[in-house]
Amino acid sequence: MSDVPEASNREEVEDNTPEPEEQSDDSSDDGEASGDTEMDFLRNLFSKTLGISGEKVLDELTLEGVASYIQSGKCRNIICMVGAGISTSAGIPDFRSPDTGLYANLQKYNLPYPEAIFQIDYFKKHPEPFFALARELYPGQFKPTVCHYFIKLLKDKGLLKRCYSQNIDTLERVAGLEGEDLIEAHGTFYTSHCVSFMCRKEYDLDWMKEKIFSDDIPKCDKCSSLVKPDIVFFGENLPKRFFTSMAMDFPRCDLLIIMGTSLQVQPFAALVGRVSNSCPRLLINLEKAGGADPLLGMIGIGGGMDFDSAKAYRDVAHISTCDDGCLALADLLGWKAELEEMVKREHEKINSKAEEEQTDQSSGAAGKAESGKAESGKAESGKAEVE
C-alpha cells in the first residue's frame, strides 16, 4: 500500500496512504509548527514586497540544468518528497484516480463512504474492511520501482539528506533505505501497535502479516484489543519525527526532488516552501503540481512552485512517469547503466527469496500432509488390531 489514504496521501495519485488531519503529537510541536508558519509568511511577504528572490543556481530550468548542478559538486544535501505515484508501476494503485484508484474500487466492502476504511473511529468498530484491503495490498507482495532505486542510488552517492514519503508500502525500505534515511509522514506497515492507550504493545511486520493472511483480526496478546499498523488514519496525528526533522532538514537542503505527488495534502505539501529561496526544486510527475495560488502569491503566502512565469528562476517540471524521469536524470548524470543494473540485481534477489519461501511453504505443507497420513495409518492399524 502506498500512501495511506489520501488522508495523507491521500489526495494524490500518489500517495499510497491515508490523508490524515495533520497535527503534531503535542502542543509544543503545534506551537513550533505555527511559529515556523508565521515566519515563513513574513519572510515571503517581505521578499515579495521588496522584490527579493533567491540566487539563481541552475544554468537552465530543465532536467539538463538540474543534472549539471548535481555534477557541479555544489549539491550535497538532496531531499526527496514522494507520493503514491512512485509506486504505481509496482502494481500498487493510487487513491483517487478514476476507475483504477483504491477509492473507486471499495464498493465490495459496503462502506458508508470510501474514506471510512481509513477513519480511526470506523476502524475501531469495523476493522474487517481495512484488513481485507490489507490482504490485497500487503507490503512484501510488490517490488520497488526504478524510482525507489534511484533514491537509493542518491544515498549510495552520498547525496541524499532524507526521503520524505507519503507512502505506507515500505518499498523505500525494501529498496535499501534505512530508518534514518526516511521520514514516513503518513506512517508505515513496518510496525504495529495495540490501539489501547493503556497497553500500546508493539508488533513487527511478520507478526501482522501472519494475522492478516490467516484471516484473523489482529488482537493484542496482552490485552486483547485491536492491533493496528502504524499508518496514519484520518483523525490521527502525524508522527512527531515529521515535525522535528523538517525543521532541521529543509534549511540545509540544496536540491528538492518531488516525485509522484499532486501536492494537495497538508502539511506534507507545504514542505516545498520550507527550503531556502535559492534552493532548486525539481518536480517529476505526470502533471504540474504545487503551483502557488495567484492571489495568495501576490501577498507572499504559500511558497508554491513557479514553472512558467517570467519570474521563474529555480523550479523545473519534468512531465513523465516517475520511472522514466529518474532514468532520464540518471542518464544525464552518467548513472543509467548503474541504476538499471541495480534494479535487475535487486529484483532477482527478491524473486529468489520469494521462490525459496514458496518452496519452504510447500515442503511444510507436504510434511504436514504426510504426517497426517501416517497418523491416520496408525489409527487404522490400531483399529484393525482391536477388531
Side-chain angles (χ1 to χ4, degrees), residues 3 8-9 14-15 17 20 22-26 28-41 43-44 54-55 57 66 69-70 73-83 86 147-148 150-168 172-173 175-188 190 232 237-261 263 265-284 289-290 302-305 314-316:
D3 350 17
S8 93
N9 188 192
E14 112 184 33
D15 309 4
T17 317
E22 349 317 24
Q23 336 169 27
S24 96
D25 282 2
D26 55 39
S28 64
D29 285 331
D30 287 333
E32 182 177 327
S34 175
D36 288 340
T37 299
E38 292 172 3
M39 288 303 298
D40 288 341
F41 167 76
R43 183 166 54 248
N44 287 334
E55 174 189 359
V57 173
V66 173
Y69 173 53
I70 294 174
K74 299 176 183 178
C75 175
R76 304 299 303 176
N77 293 289
I78 297 175
I79 291 179
C80 293
M81 289 174 57
V82 301
I86 74 167
C147 187
H148 289 99
F150 179 77
I151 300 171
K152 173 59 164 58
L153 195 54
L154 289 175
K155 175 187 174 179
D156 293 348
K157 301 288 185 182
L159 298 174
L160 182 69
K161 176 67 178 176
R162 207 92 66 193
C163 177
Y164 282 69
S165 177
Q166 290 180 286
N167 300 335
I168 60 169
E172 295 92 353
R173 291 177 183 264
L177 297 188
E178 300 177 359
E180 64 184 20
D181 306 313
L182 277 169
I183 301 297
E184 292 159 316
H186 296 155
T188 177
Y190 196 68
V232 181
N237 297 321
L238 267 64
K240 182 175 182 179
R241 187 163 172 258
F242 171 83
F243 296 95
T244 56
S245 295
M246 71 179 186
M248 296 185 295
D249 291 345
F250 280 79
R252 302 172 186 171
C253 177
D254 48 31
L255 174 62
L256 182 62
I257 301 179
I258 306 142
M259 298 183 282
T261 170
L263 293 175
V265 179
Q266 299 296 344
F268 189 88
L271 293 178
V272 301
R274 298 189 68 88
V275 295
S276 72
N277 286 344
S278 298
C279 179
R281 300 181 293 192
L282 167 65
L283 174 72
I284 300 176
M305 313 276 279
R314 61 163 170 166
D315 294 330
V316 177

Evaluate the side-chain proximity of [Y] to [X]: yes if any heavy-atom separation is below 4.5 Å, no if none is.
| X | Y | value |
| --- | --- | --- |
| Leu256 | Leu282 | no |
| Ser278 | Arg314 | no |
| Pro239 | Val232 | yes |
| Leu154 | Asp156 | no |
| Leu238 | Pro267 | yes |
| Ile284 | Ile258 | no |
| Leu160 | Leu177 | yes |

Calculate, to the nearest 0.5 Å, the distance between atoms [atom1] and [atom2] belonging to [X] and [Y] respectively.
| X | Y | atom1 | atom2 | value |
| --- | --- | --- | --- | --- |
| Lys152 | Lys157 | NZ | NZ | 11.0 Å |
| Phe268 | Ser165 | CZ | OG | 6.5 Å |
| Cys279 | Arg252 | SG | CZ | 14.0 Å |
| Glu184 | Tyr190 | CD | OH | 9.5 Å |
| Arg281 | Cys253 | CZ | SG | 10.0 Å |

Residues in side-chain contact (heavy atoms from CB on, under 4.5 Å) contact with Glu178, at least two apart in sequence or another chain: Lys155, Glu180, Asp181
Partner set under side-chain contact (heavy atoms from CB on, under 4.5 Å) for Ser245, not counting sequence neighbours: Tyr164, Ile183, Arg241, Asp249
Just distance, no hydrogens or angles: give the donor-acceptor pairs under 3.5 Å from side chains in residues 73-82, sequence neighbours left out.
none

Worked check of side-chain contact (heavy atoms from CB on, under 4.5 Å) between Leu271 and Phe242: CA-CA 11 Å; Leu271 293 178; Phe242 171 83; 3.8 Å; yes
Stepwise side-chain contact (heavy atoms from CB on, under 4.5 Å) test for Leu255 and Val66: CA-CA 9 Å; Leu255 174 62; Val66 173; 4.1 Å; yes
For Asp254 against Tyr69, the heavy-atom pair lying closest together: O-OH, 2.8 Å
For Ala247 against Arg274, the heavy-atom pair lying closest together: CA-NH2, 4.3 Å
Intermediate values then yes/no, side-chain contact (heavy atoms from CB on, under 4.5 Å), Cys147 and Met259: CA-CA 9 Å; Cys147 187; Met259 298 183 282; 3.5 Å; yes
